[in-house]
Amino acid sequence: MARLQSKYPTETEYLQAVQEVLESIEDEYNRHPEFETAKIVERLVEPDRIFTFRVTWVDDNGEVQTNLGYRVQFNSAIGPYKGGLRFHSSVTPSMLKFLGFEQTFKNALTSLPMGGAKGGSDFSPRGKSDAEIMRFCQAFMLELWRCIGPDQDIPAGDVGVGGREIGYLNGMYQKLSREYHTGVLTGKGETWGGSVLRPEATGFGALYFAQHVLGRVGQTLEGKRICVSGFGNVAWGAVKKANQLGAKVVAISGPDGVCSIPDGITGEMNEYMLEMRSSNRDRVEDMAVKFPDRATFIPGKKSWSIPCDIALPCAFQNELDEEDAKTLKANGCWCCCEVSNMGCRPEAIHFFQNNGVIFAPGKAVNAGGVATSGLEMTQNAAHISWSGAEVDSKLHWIMQNIHEQCVKFGLRPDGTVDYLKGANVAGFMKVATAMLEQGVI
Ligand code: 2IT
């Protein structure tokens, strides 16, 4: 860590992600001198390669705009590079390195053959027109297409990249490459190679994981109050499944504040989240404007200020800090399943773990998204499409299996589970073993 800190002093998110994993795996690592001999950790913390490129496009006013684009191909030990693209004003190489690093272990946990990657741009979709989004996606793909391929690197969505953007990206990829297969992006539309349930999969998988976490302590989701953060694709899927399982979602949030929904979000409100997303306004207040009888907007506050049983961060890294953790606990929250990547600050995780709040990390909880991308790749490669029931049952099995891996490697002497350690050790062991067996390359 000291070496990485002096080498990359400004890359705070990346250092945070690496530190978390190294702390978790220390005991297990020390039981494997062969890992030390092969310098597995030293190799694993550095991405295989990073592509950086300029993306120039013309906005609706005819003005030329320039952004930066990236693809971080982190690790291919267990399969081709796989991971999302993030379009957000705050995107930096550090952010994409942390996400690619996390993705490597997450993908290993899914049990599917996928390596880790992440990419994106500092382009902000906020306030952009649909035509601007399209032109940006096309300009971005003008560079990216040389770096990707169905057996090399298969991008998907992340924050700021959903079905609409994947459509524009895929259209341009085909135009440039003159390859008309369906295998280079996941999260595609259902009529052109997309898997049924991929849009729902991250949120659905998170709730299936939460069911197992609760089941282990003799609880169910029925009647539980849940605070969700964000209102994007992940939050949408989580809310939908929470409602189906009889829980009550009492908060959603955005960069502008939180909507308190004391009687629980309805199906109609849940679907309105899709319109809020595609409007590019990036404001959760719109929910309270549309449904004033059910939702109250509180500016500047987070979801963690609303009393609940279960917290589901579904927005952005470091969105839940130690103060938030204390507020949640004081208001009765006893379980936090992180759905965003690295949604909780390390101090918040320590507070949860030292104060009897069950905590499960994003790389386990949200792995249903990329796992269903893996299922989409399988369907594309075989030129078939599975039914919703088939995909859902595979997703169920994958989430149960991830939960079992966490229990196996994270069981404490008192019978409780350290899900953070369990997920990190299980993911690390797979990647490290794959690297060891394939030699020094
Ligand atoms: O963080 C993630 O796992 C994603 N954004 C999904 C990646 C994917 O390839 O489906």
Side-chain angles (χ1 to χ4, degrees), residues 157-164 187 189-190 194-211 220-298 301-304 306-316 319 337-340 343 365-366 368-369 372 388 391-392 395-396 399:
D158 193 79
V159 175
V161 178
R164 169 181 57 188
E190 265 185 57
S195 175
V196 59
L197 277 189
R198 175 63 188 89
E200 290 86 351
T202 312
F204 278 23
L207 270 291
Y208 298 156
F209 193 91
Q211 278 186 306
T220 68
L221 282 162
E222 179 79 40
K224 298 292 182 299
R225 292 164 309 159
I226 298 182
C227 280
V228 163
S229 63
F231 62 86
N233 165 262
V234 174
W236 167 77
V239 167
K240 196 168 170 181
K241 187 52 76 176
N243 277 351
Q244 286 175 10
L245 296 172
K248 193 160 90 170
V249 176
V250 293
I252 59 167
S253 67
D256 52 334
V258 62
C259 276
S260 164
I261 313 164
D263 296 326
I265 196 165
T266 63
E268 192 188 357
M269 292 165 82
N270 191 19
E271 288 313 294
Y272 188 62
M273 288 164 70
L274 298 176
E275 280 181 50
M276 286 162 58
R277 197 260 159 191
S278 63
S279 76
N280 292 332
R281 283 164 54 81
D282 210 8
R283 285 166 57 136
V284 81
E285 186 181 3
D286 293 356
M287 183 63 85
V289 172
K290 176 90 174 167
F291 298 95
D293 299 341
R294 292 191 73 92
T296 307
F297 175 65
I298 310 164
K301 289 282 183 192
K302 299 188 197 175
S303 286
W304 323 130
I306 309 291
C308 65
D309 303 297
I310 298 166
L312 298 182
C314 293
F316 219 61
E319 56 172 309
C337 289
E338 200 182 55
V339 197
S340 43
V365 178
N366 75 29
T372 307
V391 176
D392 199 36
L395 176 60
H396 261 286
M399 298 316 295

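What you are looking at is a predicted structure, and each value in this text was computed from that prediction instead of being measured.
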- Task: Apply side-chain hydrogen bond (donor to acceptor under 3.5 Å, both in side chains) to Asp158 and list each qualifying residue two or more places apart in sequence or on a separate chain.
- Result: Arg86, Lys118
- Item | Results of salt bridge (Lys or Arg N to Asp or Glu O under 4.0 Å) for Asp256 - residues two or more places apart only | none
- Message: I need the Asn280 CG to Arg164 CZ distance, nearest 0.5 Å.
- Response: 4.5 Å
- Query: Do the side chains of Asn366 and Val234 get nearer than 4.5 Å, heavy atoms only?
  - Reply: no
- Euclidean distance, Asp286 CG relative to Met273 CE, rounded to 0.5 Å: 12.5 Å
- Would you say Ile306 and Val258 make side-chain contact, with heavy atoms under 4.5 Å? yes
- Note on the structure: Gly230 and Ile252 have their tightest heavy-atom pair at O-CB, 3.6 Å
- Item | Distance-minimising heavy-atom pair for Leu395 and Tyr208 | CD2-CE1, 3.9 Å
- Item | side chain to side chain donor-acceptor pair (under 3.5 Å) contacts in which one or both residues fall within residues 258-276, not counting sequence neighbours | Trp236-Glu271
- Query: Rounded to the nearest 0.5 Å, how far apart are CD1 of Ile226 and CG of Leu207?
  - Reply: 5.5 Å
- Item | Candidate pair Met269 and Met287, rule side chain to side chain contact (heavy atoms under 4.5 Å, CB included), full reasoning | CA-CA 7 Å; Met269 292 165 82; Met287 183 63 85; 3.9 Å; yes
- Under 3.5 Å, is there a donor-acceptor pair between the side chain of Asn243 and the main chain of Ile265? yes
- Query: Do Val365 and Leu312 have side-chain heavy atoms sitting under 4.5 Å apart?
  - Reply: no
- Query: How would you list, by chain and number, every residue that makes a ring-ring contact (aromatic ring centres under 6.0 Å, His included) with Phe209, sequence neighbours excluded?
  - Reply: His403, Tyr419
- Item | Whether Arg281 side chain and Met276 backbone form a donor-acceptor pair below 3.5 Å | no
- Which pairs, with at least one residue in residues 223-235 and sequence neighbours excluded, count as a side chain to side chain donor-acceptor pair (under 3.5 Å)? Gln219-Lys224, Arg225-Asp309, Ser229-Glu319
- Between atom CD1 of Ile261 and atom OG of Ser303, what is the distance when rounded to the nearest 0.5 Å? 8.5 Å
- Query: Do the side chain of Ser253 and the main chain of Lys302 share a donor and acceptor less than 3.5 angstrom apart?
  - Reply: no
- Task: Would you name the heavy atoms of Val249 and Ala242 that are closest together and state the gap between them?
- Result: CG2-CB, 3.8 Å
- Heavy-atom closest contact (Thr372 atom, Ser195 atom, distance): CG2-OG, 4.4 Å
- Could you tell me whether the side chain of Val228 reaches within less than 4.5 Å of the side chain of Val339, counting heavy atoms only? no
- Less than 4.5 Å apart, any side-chain heavy atom of Met399 and any of Phe204? no
- Given side chains that start at C-beta, do those of Asp392 and His396 come closer than 4.5 Å, heavy atoms only? yes
- Message: Minimum heavy-atom separation for Cys337 and Pro313, please, with both atom names.
- Response: O-CD, 3.3 Å
- Message: If the condition is salt bridge (Lys or Arg N to Asp or Glu O under 4.0 Å), which residues does Arg277 pass it with, not counting sequence neighbours?
- Response: Glu165
